[in-house]
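Keep in mind the model is a prediction, meaning the values are calculated, not measured. Proteins get letters first, then strands, A, B, ... in listed order; numbering begins at 1 in each.
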Amino acid sequence: MENLSYLWIVPFAPLIAAIITGLLGYKLLREPLSGIVAVIGVAIAAVASVSGFIHVMQTGGHYDLKLFTWMPLGNYEISVSILWDPLSALMSCVVTVISTFIFIFATGYMRGDESYPRFFTYLSMFVFMMLMLTLSDNLVQLFFGWEGVGLMSYLLIGYFHFKKSAANAAFESFIVNRVGDWSFLIGILLAFVTFGTLDYLDIFAKIPEAEGFVITLIALLLFGGAVGKSAQIPLHIWLPNAMEGPTPVSALIHAATMVAAGVYMVARLMPLFASSSVALDVVLYIGTASAFVAATMGLVQNDIKRIIAYSTMSQLGYMFAAEGLGLFGDGMFHLASHATFKALLFLAAGSVLIGIHHILDVWKMGQLRKYMPITAATFLVGALALAGIPPFAGFFSKDPIIEAAFHINWVVWALLWAGAGLTAFYIFRLYFLAFENGDRLDPHVKSHVHESPPNMTVPLIVLATGAVVLGFFREFFLNFLRPSLDPRVMSEDFVPEKTKILMEEGLSRAHHVHVPEDAVHFLIESLTSPLGILALLTALGGIFFAYIVYQKKVISYEWLGETFKPLYKLFYNRWYFDNIYYAIFVYGYYKFSVFLWKLGDRFIIDGIVDGSAKVSLAAGGALRLTQSGRIAAYVLQMSIGILVFLSIFLIVK
Amino acid sequence: MIPYEYYIALSGLLMVLGLIGIIIRRNIIAMLISTELMLNAVNIAFVAFDMKLHDVAGQVFVFFILTIAAAEAAVGLGLIMAIYRLRKDVSVDTLTELKL
Amino acid sequence: MSIIEQLVSAVGVPNFGVLIPEIIVLITAFIVFFEELFSKNRILISATTVIGLLLSLLSIFTIKQGDLTLYGLYVVDGFSLLFKLFLLISTIIIVATYRRYFESKDIYFGEFYYLTLFALLGMMIMVSSPNLFTFYVGLELSSITTYILVGMFKTKNKKLKDFDYKSKEGAFKYLIIGGAGTAVISYAIALLYGASGTFDFMEISRAALNDANIGLIAGMVLLVLGLALKAAAVPFHHWAPDAYEGAPTPITTFMAVAVKIATFALILRVMVEAFPFISKDWALVWSILAALSMTVGNFIALRQKSIKRMLAYSSIAHTGYITAALAAPTGMGFAAFIFYTLVYIFMSIGAFAVLTFLEKTEGWNNTFDDFKGLAKRSPLIAIVMLVFMFSLLGIPPTVGFFGKLGVFLALIGSDIWWLAVVLVVMSIISAGYYLRVVSVMYMYEPVKNISFNINGVEKSILILMAVIVLILGIYPTVFWGISTQMSSLLIAGIGR
Amino acid sequence: MELTQIAFWTFSTLAVLSAIGTIFFRNLVYTVLSLISTLIMVSGLFFTMGAELVGALQLLIYAVAIVVFYVLVISTVPEFKGKAVDPKYMLLSIPVGFLIFLELAYVSIYGVWQSNTGIFSPEVIEKIGNAKAVGTMLFTKYLFPFEVASLILLVAMIGAIIIGRKEEKQEAQG
Amino acid sequence: MEFQFEPASFPWLTVSIVLPLIAAGILFFLSERFAKPISIVISAIVFVISTWMLFAYDYSHYAIQFYEKYNWIPQFGVSYEVGVDALSLTMFWLTALSFLISFIWSVNIKKRVKEYFIAFLVLEAACIGVFVAWDMVWFYIFWEAMLIPMFLIIGVWGYAERIYAATKFFIYTFFGSLFLLLGVVGMYVYQYFHTGKLSTSYFDLANLGLPFNLEIIFFLLLALGFAIKVPMWPFHTWLPAAHVQAPTAGSVILAAVLLKMGTYGFVRFSLPWFPEASKYFIPVMFTLGVIAIIYTAAMALAQQHIKRIIAYSSVSHMGFVTLGTFALNVEGMNGAIITMISHGLTSAALFLAAGWIYERSHSYMLKDLGGMAKYVPVFATFFMISAMASVGLPGLSGFVGEFLALLGTFKTNVWFAVLAGIALVVGAGYTLRLYHKTMFMEELVDSKIIHKWRNTRDMTASEFLSFLPLIILMFVIGVYPKWWVDLINTTSLSILSKFIGG
């Protein structure tokens with residue numbers, strides 16, 4: 001453990017970078033330097049976490065480094081700490097490595113922005129928060145990171161805060177996330193009250209002592225947080241709007257890392273979730289529903305980033321579905337590969353945007369491959385990975401989930417399968433519209449279109465390489481994660497025997513799943529088994545359909561829109577989620593507040609308060625009339641007084 | 001022998017008449033006269049009690065009441081003269097500038 | 001013949017030694033009277049008065065307590081000496097405000113001084129009376145003198161003709177209602193005399209102990225009502241606002257302070273010495289009167305435009321607060337009564353003195369509008385007025401708080417929660433108008449541009465009063481000690 | 001006995017009647033005259049009770065001295081125009097007054113009054129005379145209040161003069 | 001309850017109370033230009049004393065430390081008694097800090113400078129007194145005396161409807177405090193009749209052993225006084241009025257210090273004095289607390305006036321304090337106290353921000369504002385941090401207290417905690433709305449206003465200096481709350497000793 005104590009550098013290097021850029025950015029560092037500082041910060045973290053990764057890969061086990069006590073809570077002390085085990089090591093590697101590339105990309109992307117240092121401060125700060133979340137060994141630190149990334153996401157979405165849409169999107173993302181966090185916080189409280197502790201390991205040890213429904217409740221409440229953070233139904237509405245942020249932000253936060261925090265959290269608390277089959281079911285259904293619904297929504301969007309955003313939401317649904325199925329390792333592997341190819345897609349989209357000066361509408365692009373060949377090629381790699389075409393990473397991470405679902409739940413499989421087909425369709429719709437197809441570019445723009453500079457293309461190429469090769473490391477990753485996610489392999493001091501028995505029950509659903517872990521075997525099997533062929537054909541079918549509609553225009557998309565008008569409208573309006581939420585929670589609540597203010601505070605309470613003042617004044621005015629100035633009246637009142645007082649005594653005595 | 005209680009009741013009656021006088025008279029001189037009536041009424045009670053008690057302290061008190069009645073009359077009439085000089089009127093209606 | 005001789009020899013020679021303060025006051029009054037006749041030197045007159053009062057004040061300390069003199073018609077106990085002391089102090093301060101006010105208004109002059117002294121003499125007699133005789137003449141001396149003082153706003157200044165009339169009107173109302181009150185008190189005395197056969201407080205109390213019949217009770221009730229009239233308690237208060245407003249402001253001060261505290265002292269002594277055994281009855285009367293006074297006084301005060309008249313109503317309300325202590329006929333209640341009465345002197349003098357000093361200014365009528373922006377024009381006056389207002393309101397660290405606290409303690413100690421709650425609610429109502437004074441002074445811009453003519457003496461009076469109010473608000477211990485001691489002396493009758 | 005009863009009823013009836021006159025007569029002269037009548041009747045009552053000194057003082061001070069003031073003032077002030085009494089207040093005050101009277105009468109009749117506690121029994125009075133008895137008390141035991149009473153009169157006199165006198169300068173100015 | 005006393009070697013507390021008073025007295029006779037330096041120096045001295053005491057306080061055991069006692073009115077058993085436990089001490093420290101900040105902030109005040117600083121100095125003395133006095137009469141004197149300067153501060157240096165607001169503030173709170181007085185007097189009288197003891201000391205009144213029905217009565221009387229000061233729903237309407245009209249520094253004091261008096265009263269008096277009644281009233285207090293949180297959050301959302309938004313948010317936060325207090329467990333109590341401190345910091349910062357905005361734009365209305373973030377980055381950052389601390393973001397001070405308070409509430413009653421948790425959402429809603437509409441959305445704002453912002457100056461030195469400590473402390477508490485929890489833990493245990501048997 002001693003030789004791992006250097007791991008504190010993992011979260012704090014980005015923090016230090018953030019503080020340096022934050023305090024000195026404007027006055028001292030200015031444009032290129034702030035970005036370089038941030039890149040160095042995150043690169044140090046990446047190097048450190050990769051070395052920690054290698055360490056844990058070689059020696060195994062888990063390490064709980066307590067940095068300092070944050071707050072005592074009776075007998076329990078919440079501490080700031082680093083839990084280094086395969087799961088967190090993988091996650092922190094994903095975060096830091098992908099961040100490093102995105103940071104490098106961002107130095108190019110953000111060139112010339114007047115708030116350049118601010119951007120890198122936020123970004124570094126985000127990485128810090130994300131790592132705090134990742135490396136936490138207790139729920140409170142997790143929550144700290146959880147809210148921290150929420151804040152940074154908010155700030156980065158609202159980075160172009162002078163735009164109304166950006167500010168509103170940021171606002172929306174924060175509030176929606178907060179709804180999830182409310183549930184999450186209640187879950188934490190319930191966990192503390194139930195277990196008397198918030199450290200994962202202690203909770204895992206105490207799971208058998210708690211009642212089943214409490215475990216379920218805790219798991220569901222915590223999952224509520226994940227639903228918010230990972231943009232699952234019904235708290236998904238913020239993610240597409242979050243695309244108002246700069247593209248690196250979309251890549252880093254809203255594709256690769258933060259939104260995956262929910263998935264990570266469920267995996268991290270796997271013993272808890274696995275102990276409750278109800279919780280797993282809920283995770284499964286929410287994930288599946290999101291995967292499908294998001295895919296349908298993605299079909300008809302016109303904004304390049306939004307399309308990718310819906311695909312993100314959809315892919316997160318796959319991850320949750322995997323976890324709900326009990327395939328935590330597959331879920332995490334999909335997380336890693338998705339992080340790679342989705343970052344790639346976003347960065348490629350960012351590169352496009354730089355090239356054509358931030359025109360987001362795909363209908364105004366076209367033939368971009370001519371102008372930006374590297375971008376187009378890398379985008380294509382990413383799209384193929386996303387579509388699940390072998391041998392790209394997405395195939396190795398996504399198809400096992402779909403196939404496994406077939407063995408467990410038929411309905412889930414159907415939805416996931418359909419979603420996969422839709423995914424392939426819409427991402428290639430995007431590809432064809434933007435990079436191929438006819439020439440719809442604005443002539444003025446066209447004259448300026450050019451390939452992006454190397455500091456943007458190099459990350460693209462690296463990530464594209466990752467998207468190609470990563471899938472072949474499937475077995476390595478699954479084995480690597482096993483000490484964290486498989487009860488059969490977990491060490492006794494990580495999760496005790498009693499809890500393991502509970503977990504086995506929950507995970508039993510995954511037992512009859514037989515998907516080869518070795519990538520080559522999997523590739524061979526899926527190309528031979530009917531299920532695998534079906535999946536592959538579906539994906540290819542989606543691509544082909546996109547090709548004939550948008551490239552060859554054999555079928556007119558107008559005709560499609562007209563034919564399936566109700567569906568088109570439903571999808572285009574995002575299943576009316578936004579409208580309903582807006583009507584009830586935004587507009588309705590605001591109106592209700594105003595009404596309540598006028599009725600409650602203004603009319604009733606202040607009515608009573610000011611009313612009593614008015615009544616006093618009126619009483620004064622009325623009593624004042626007794627002082628009429630006439631002696632007769634005075635003496636008359638006096639004699640009435642005498643009469644009354646005498647009567648009191650005469651009647652009493 | 002008349003019971004002394006009658007004298008006291010009589011004194012009460014005269015006093016109440018004086019009180020009514022103050023209330024109903026519209027002439028401030030008559031008002032002042034009514035206060036004289038009130039003060040005077042008490043005298044009867046004092047003397048009656050004296051007779052009952054076989055004492056003379058009550059009669060001594062009557063002396064003081066007379067003094068005070070005289071003093072009030074003097075001051076009151078002075079005020080009436082001043083008021084008359086300022087407003088040329090002795091009706092209670094003039095005495096309503098201070099009010100509310 | 002023998003009876004007379006017996007009588008004469010039995011009464012012996014009166015001990016005039018105990019009358020020294022009164023005699024000094026009387027002599028001063030006559031000196032001023034003659035000075036006024038032969039010289040119109042105003043400074044001389046006021047100096048003489050103040051010196052005479054100071055001498056009288058000093059002489060109080062030479063008197064041995066516990067003397068009953070003049071055939072049992074005059075008592076010199078700690079209680080009476082205390083109140084005489086405070087009467088003299090307050091009169092000195094008030095008299096010190098006379099000269100420049102009357103000069104500015106161009107009114108009669110010397111008469112005010114000696115009439116004030118006569119009134120003071122009457123009050124000194126009042127507080128020393130162990131007997132309804134002394135009580136009566138003392139009360140009447142001070143009352144009649146006060147009627148005159150109220151009506152003496154007689155000026156050569158044509159602009160002030162209206163005030164001249166108002167002063168007469170106020171005096172006449174005061175006279176008529178006061179006269180009716182005198183008649184009621186006389187009748188009460190008659191009933192008490194008939195029911196007990198005596199005028200002496202102690203002997204009345206003995207008679208009440210033996211047989212508290214309806215005659216005695218009725219006498220007591222009528223006496224309470226008559227005294228309530230003199231103390232301006234509702235519903236016998238009507239004279240007060242009019243007379244206060246009509247009177248020249250220093251005289252208003254004198255009425256609101258000296259007359260009031262003398263009346264209160266008298267009330268307390270009569271109640272405690274003459275009717276200790278029917279305390280329940282008079283406590284009931286006083287509690288109703290107190291509740292009415294607080295309510296009516298505070299509510300009407302809310303609607304006043306003139307601060308002088310507002311203070312008159314506030315003074316009625318304070319009658320309510322003070323007499324509320326009598327609703328709890330216990331040592332604590334009497335101590336609270338004495339304490340509040342004593343400290344009321346300072347805040348009331350202060351508040352009225354501010355009006356007196358400001359009224360010298362041309363065109364100043366003491367309305368709320370006149371007070372607008374006072375803090376800018378004269379920060380000193382504004383700050384002392386603020387202190388007095390908060391003290392009248394009963395906000396610590398001013399002494400008004402301890403006055404009310406004492407009353408609270410007494411009421412709750414006797415389980416009279418209803419009156420305590422009324423007091424609380426009425427205190428809150430009263431905030432309405434006291435705060436208005438503060439807000440017009442501090443929170444408005446001045447309307448007129450007036451420069452004030454306030455000299456060092458006047459300033460020092462104001463500062464002195466404010467400082468006393470504040471010091472007593474922090475350290476009321478001495479006053480509490482005195483009040484508690486006096487109340488226990490009074491109950492034990494040791495002073496006799 | 002017969003005589004005192006007749007005297008009481010006569011004097012008291014007349015006193016009450018003239019008191020009613022006092023408060024209702026419109027003409028101030030009649031008012032003053034009925035006041036005098038009341039005062040005389042009351043002094044008559046005093047005499048019937050044997051309080052000669054007080055009765056005499058009543059006649060002298062009140063019926064003569066004070067009433068003279070009033071007459072002087074009335075003669076200065078012109079005749080009063082308008083209603084003598086205010087009907088509105090009359091309606092209210094007479095019932096109230098009547099009730100107060102009932103209460104006072106109740107008190108006087110049902111109250112327990114002391115008797116014979118003093119030393120001046122009729123025999124003593126007869127021996128030394130009422131005037132002497134009262135006078136002696138006044139100048140011995142009640143000397144102090146007497147002196148104060150004199151001050152009251154002095155003050156009232158001064159006050160009446162100050163308030164009531166005409167300001168020559170003021171007139172000249174006005 | 002047993003109390004231990006550790007007498008002070010030097011009367012630090014008395015000095016802290018008297019020093020501002022003396023300074024105010026001297027200022028009255030000095031010229032205007034001395035007002036600012038003297039006030040700042042004096043408040044700095046007091047702040048240094050309080051900070052020193054914070055570190056010198058021995059929190060390993062519960063004792064009234066820095067204790068001073070002098071006889072005062074022996075007739076009634078009143079003595080001058082001051083001392084601190086951790087609760088008093090933190091409140092004292094918060095007061096000293098708030099005043100120092102207010103004074104630094106106020107250097108650019110122009111109107112009636114001398115009176116302004118005199119009023120604030122007097123207010124400082126009274127506020128400190130409230131928190132350190134252990135004698136009920138002294139407590140009440142300070143409690144009420146504070147009204148006078150505050151009345152003037154709102155009324156003289158406030159905005160258009162200042163007189164209405166000042167009067168409303170005064171009468172409202174005066175109403176409550178008189179009932180408080182009634183209750184205390186009632187207890188004092190009870191004590192006298194049942195033990196024969198004349199004492200107004202907190203320590204004597206704490207051990208009366210009242211019968212249940214009297215406990216209820218006295219609890220209600222005291223609670224009325226405290227509830228108005230807190231302010232609890234439905235006694236809160238004075239607060240928006242007062243805040244809106246008060247000058248910036250006045251709002252800061254009002255929010256940071258005055259509101260704490262009510263909650264301080266609940267913690268200090270209601271719980272230890274009336275344990276049975278406190279238990280009895282848990283549902284009522286919880287309901288009121290939750291209503292305060294949710295209802296006033298809705299109120300805050302409905303407002304256009306930025307200070308009113310912050311004012312309502314204060315009421316909402318005080319709801320957490322109420323919940324934590326009446327959770328009657330040590331987590332809740334610690335949470336309540338830390339929320340008090342934290343709210344002192346955040347609301348002070350937010351009001352400073354509101355004042356800052358007004359000074360530059362001369363408007364408090366959201367519709368006149370917007371889009372400043374780009375032109376005043378330092379301010380925008382500070383404002384954001386304050387807003388986030390107010391929202392309860394972990395890592396900043398707000399979270400610590402709210403978390404503990406919610407945890408305590410959760411232990412006592414799950415549903416109230418769940419409902420109170422809604423504040424997480426709605427609190428974020430109104431706070432961010434405030435932030436957005438002032439700092440963001442330049443697009444929607446009139447170009448004239450933007451032009452003004454473009455030429456405006458970011459924070460001046462004095463503004464920066466008064467803001468900075470708040471921001472630093474928000475981080476200090478948020479990042480290392482252990483120190484604070486340790487500090488107040490023994491005190492919380494002692495306050496709750498009648499409930500949890502410690």
Side-chain angles (χ1 to χ4, degrees), chain B residues 4-5 7-8 11-12 15-16 18-19 22-23 28 31-32 34-50 52-55 57-58 60-62 64-65 67-69 71-76 78-87 92 94-100, chain C residues 131-133 136-137 139-141 143-145 147-148 150-152 154 161-162 164-200 215 238-239 241-246 300 303-305 309:
Chain B
Y4 291 102
E5 283 80 1
Y7 286 98
I8 298 148
S11 135
M15 180 141 149
V16 167
L19 198 61
I22 300 176
I23 298 172
I28 56 175
M31 215 174 238
L32 195 61
S34 300
T35 60
E36 300 293 330
L37 202 56
M38 276 179 89
L39 277 172
N40 192 257
V42 188
N43 293 353
I44 305 171
F46 270 112
V47 174
F49 281 132
D50 251 4
K52 192 163 192 294
L53 287 166
H54 294 172
D55 202 348
V60 176
F61 208 97
V62 170
F64 295 124
I65 293 179
T67 317
I68 281 149
E72 276 189 8
V75 176
L79 282 168
I80 287 170
M81 289 305 292
I83 288 167
Y84 173 70
R85 202 168 295 130
L86 287 162
R87 287 288 185 268
V92 280
T94 51
L95 287 180
T96 51
E97 282 191 19
L98 295 165
K99 65 180 171 190
L100 296 175
Chain C
N131 187 298
L132 290 171
F133 265 102
Y136 191 70
V137 290
L139 189 61
E140 285 312 309
L141 178 57
S143 296
I144 289 176
T145 322
Y147 306 152
I148 299 164
V150 171
M152 277 200 337
K154 203 167 194 182
K161 267 283 173 275
D162 218 35
D164 189 354
Y165 174 72
K166 279 185 177 166
S167 149
K168 301 292 179 295
E169 180 184 330
F172 191 75
K173 283 176 175 167
Y174 189 13
L175 176 93
I176 295 289
I177 296 173
T182 307
V184 171
I185 289 176
S186 316
Y187 196 79
I189 291 173
L191 291 181
L192 290 172
Y193 175 56
S196 64
T198 176
F199 289 94
D200 191 86
H238 289 100
W239 58 269
D242 295 357
Y244 279 30
E245 194 190 347
I300 304 186
R303 297 297 293 259
Q304 297 307 316
K305 288 194 183 64
R309 201 164 167 84

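Here OG1 of B:Thr96 is found 10.0 Å from CG of C:Asp242. Values are rounded to the nearest 0.5 Å. The CH2 atom of C:Trp239 sits 13.5 Å away from atom CG of B:Leu98, with the distance rounded to the nearest 0.5 Å. Within the model, atoms CE of B:Met31 and CG of C:Leu175 stand 11.5 Å from one another, a figure rounded to the nearest 0.5 Å. Between the CG atom in B:Leu79 and the OH atom in C:Tyr174 there is a gap of 12.5 Å [rounded to 0.5 Å]. Once rounded to the nearest 0.5 Å, the distance linking CE of B:Met81 with NZ of C:Lys168 reads 13.0 Å. Distance CD1/B:Ile68 to CD1/C:Ile185: 10.0 Å, rounded to 0.5 Å.
Your options are C:Glu245, C:His238, C:Lys166, and the one with the most heavy-atom pairs under 4.5 Å with chain B is C:Lys166. Among B:Ala69, B:Gly58, B:Ala45, the residue making the largest number of heavy-atom pairs under 4.5 Å with chain C is B:Gly58. Listed options B:Leu19, B:Val60, B:Asn43 were ranked by heavy-atom pairs under 4.5 angstrom with chain C; first place goes to B:Val60. When the candidates C:Glu140, C:Gln304, C:Arg309 are compared by the number of heavy-atom contacts under 4.5 Å with chain B, C:Arg309 comes out ahead.
Contact annotation: the side chain of B:Thr94 never approaches that of C:Glu169 to less than 4.5 Å [non-hydrogen atoms, C-beta and beyond]. Proximity of C:Val184 to B:Met15: side-chain heavy atoms (C-beta onward) are separated by under 4.5 Å at one or more points. You'll find the side chain of C:Ile176 stays beyond 4.5 Å of the side chain of B:Ile28, heavy atoms only. Contact check for C:Thr198 versus B:Asp55: no side-chain heavy atoms found under the 4.5 Å cut-off. A heavy-atom distance below 4.5 Å is not found between the side chains of C:Phe172 and B:Val75.
In this structure, C:Phe133 and B:Ala57 approach most closely via the heavy-atom pair CZ-O, 3.4 Å. For the pair C:Ala183 and B:Val42, the tightest heavy-atom approach, listed with the atom from each and the gap, is O-CG2, 3.8 Å.
Proximity to chain B (any heavy atom under 4.5 Å) is shown, for C:Leu191, by both the backbone and the side chain. Using a 4.5 Å cut-off between heavy atoms, B:Asp50 touches chain C through backbone and side chain atoms alike. There is no contact between C:Arg303 and chain B, counting heavy-atom distances below 4.5 Å. At a 4.5 Å heavy-atom cutoff, C:Ile177 makes no contact with chain B through either its backbone or its side chain. Neither the backbone nor the side chain of B:Ser34 has a heavy atom closer than 4.5 Å to any heavy atom of chain C. Heavy atoms of C:Phe199 lying under 4.5 Å from chain B belong exclusively to its side chain. B:Leu95 touches chain C through backbone and side chain together, each having a heavy atom under 4.5 Å away. Heavy atoms closer than 4.5 Å to chain C are found in the side chain of B:Ile22, but not in its backbone.
Between B:Phe49 and C:Tyr193, the angle of the ring planes goes over 60°, which puts this pair in the perpendicular group of the 30/60° scheme. Ring pair B:Phe61/C:Tyr136 is tilted by interplanar angle, where 30° to 60° counts as tilted.
Evaluation of the salt bridge (Lys or Arg N to Asp or Glu O under 4.0 Å) rule for B:Glu72 yields no partner, not counting sequence neighbours.
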